[in-house]
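Here's the structure, in structure tokens; my notes come after.
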Amino acid sequence: MNRTPAILTALLTILVLAPSAQAQIGQPPELQTSFMMLNQHVCPAQNMEQVMDIARQQLAPALAQMKAAGEISEWGILTHAWGDEYNFNFYLITADIDRFVSTAWPSLLARTTELDPDWFDRFAPLCTMHKDNLYTVRSDGG
């Protein structure tokens, strides 16, 4: 049985399709950018119940309101019992840093204070260290 015609057909198909496949593979996807603020805290384990109460009563409702109003695109609260010392964290995502500075941060402070004017005075002593990380997020939007 002569397989030469089948092999030649397969090779021709590969040669014809290979350049377009290589072009598609070689092109990076379009990346969308956004901005993320990550607020991180070190909170002793014995304080985590109180920290989470404040997160549920002031932080989460304020962030949910902000998302509903279109002031942020996403938010989340991150906690862990194992890892580095920063065990209570929250993040929010905006279109860019200008929107964070001009809209999101002032809105978060106003909304949490509106829910409870003394929330920060109760929260601050519960955690021993704090830091913020500001990121440009690049993603394929998927």
Side-chain angles (χ1 to χ4, degrees), residues 3-142:
R3 295 186 185 169
T4 305
I7 293 172
L8 286 175
T9 301
L11 286 173
L12 283 173
T13 302
I14 290 169
L15 289 173
V16 168
L17 296 178
S20 64
Q22 287 175 349
Q24 290 175 359
I25 292 170
Q27 294 177 355
E30 287 291 320
L31 296 180
Q32 298 176 0
T33 61
S34 56
F35 173 81
M36 180 174 77
M37 185 274 303
L38 178 61
N39 188 280
Q40 302 174 342
H41 299 269
V42 176
C43 307
Q46 68 268 21
N47 294 348
M48 283 303 289
E49 187 174 332
Q50 290 174 284
V51 168
M52 289 308 299
D53 284 345
I54 292 169
R56 281 188 285 273
Q57 295 167 10
Q58 279 76 44
L59 191 58
L63 290 165
Q65 291 169 5
M66 293 168 63
K67 183 173 180 181
E71 297 169 344
I72 60 176
S73 59
E74 293 295 332
W75 67 274
I77 295 173
L78 310 168
T79 62
H80 68 75
W82 183 70
D84 71 1
E85 62 273 16
Y86 290 88
N87 58 340
F88 176 78
N89 313 287
F90 71 91
Y91 68 91
L92 59 87
I93 298 176
T94 62
D96 53 47
I97 192 169
D98 292 336
R99 189 160 172 94
F100 169 75
V101 171
S102 67
T103 304
W105 190 247
S107 178
L108 180 62
L109 298 177
R111 289 174 187 272
T112 53
T113 301
E114 182 179 306
L115 289 166
D116 179 356
D118 299 321
W119 80 271
F120 190 76
D121 291 336
R122 289 185 298 113
F123 176 80
L126 298 173
C127 301
T128 58
M129 290 193 319
H130 158 256
K131 68 178 180 176
D132 295 316
N133 287 321
L134 309 176
Y135 297 99
T136 298
V137 179
R138 293 173 178 83
S139 70
D140 66 2

[X] and [Y]: which non-hydrogen atoms are nearest, and at how many Å?
{"X": "Pro61", "Y": "Ala55", "answer": "CD-O, 4.0 Å"}
{"X": "Ala104", "Y": "Leu92", "answer": "CB-CD1, 4.1 Å"}
{"X": "Cys127", "Y": "Pro44", "answer": "CA-CD, 4.4 Å"}
{"X": "Gln58", "Y": "Thr112", "answer": "O-CG2, 3.7 Å"}
{"X": "Tyr91", "Y": "Leu38", "answer": "CB-CD1, 4.1 Å"}

Margin query: Walk me through whether Gln57 and Asp116 qualify under side-chain contact (heavy atoms from CB on, under 4.5 Å).
Written below: CA-CA 9 Å; Gln57 295 167 10; Asp116 179 356; 5.9 Å; no

Next item on the list: Inspect the surroundings of CD in Glu114 and state if more than 12 heavy atoms from other residues, nucleotides or ligands are less than 6.0 Å away.
Entry: no

Margin query: Around atom CD of Glu85, are there more than 12 heavy atoms from other residues, nucleotides or ligands closer than 6.0 Å?
Written below: yes

Next item on the list: Let me see the working for Leu108 and Phe90 under side-chain contact (heavy atoms from CB on, under 4.5 Å), right down to the final yes or no.
Entry: CA-CA 12 Å; Leu108 180 62; Phe90 71 91; 3.8 Å; yes

Note to self: Side chains of Arg99 and Thr103: any donor to acceptor distance under 3.5 Å?
What the structure shows: no

Next item on the list: Evaluate the side-chain contact (heavy atoms from CB on, under 4.5 Å) criterion for residues Leu126 and Cys43: first the C-alpha distance (whole Å), next the side-chain angles of each, then the deciding distance (0.1 Å), finally the verdict.
Entry: CA-CA 6 Å; Leu126 298 173; Cys43 307; 5.7 Å; no

In Å, rounded to the nearest 0.5 Å, how long is the span from [atom1] of [X] to [atom2] of [Y]?
{"X": "Met36", "Y": "Glu74", "atom1": "CE", "atom2": "CD", "answer": "11.5 Å"}
{"X": "Arg111", "Y": "Leu59", "atom1": "CZ", "atom2": "CG", "answer": "12.5 Å"}
{"X": "Asp118", "Y": "Ile54", "atom1": "CG", "atom2": "CD1", "answer": "10.5 Å"}
{"X": "Leu31", "Y": "Asp140", "atom1": "CG", "atom2": "CG", "answer": "7.5 Å"}

Check: Hey, which of Thr79, Asn39, Leu78, Val42 is the one that makes side-chain contact (heavy atoms from CB on, under 4.5 Å) with Tyr86?
Finding: Val42

Next item on the list: Just say parallel, tilted or perpendicular for the rings of Phe88 and His41, cut-offs at 30° and 60°.
Entry: tilted

Check: Within the distance-only criterion (no hydrogens, no angle test), does the side chain of Ser73 pair as donor or acceptor with the backbone N or O of Ile93 below 3.5 angstrom?
Finding: yes

Item checked: Stepwise side-chain contact (heavy atoms from CB on, under 4.5 Å) check, Phe35 with Thr33 -> CA-CA 7 Å; Phe35 173 81; Thr33 61; over 6 Å; no

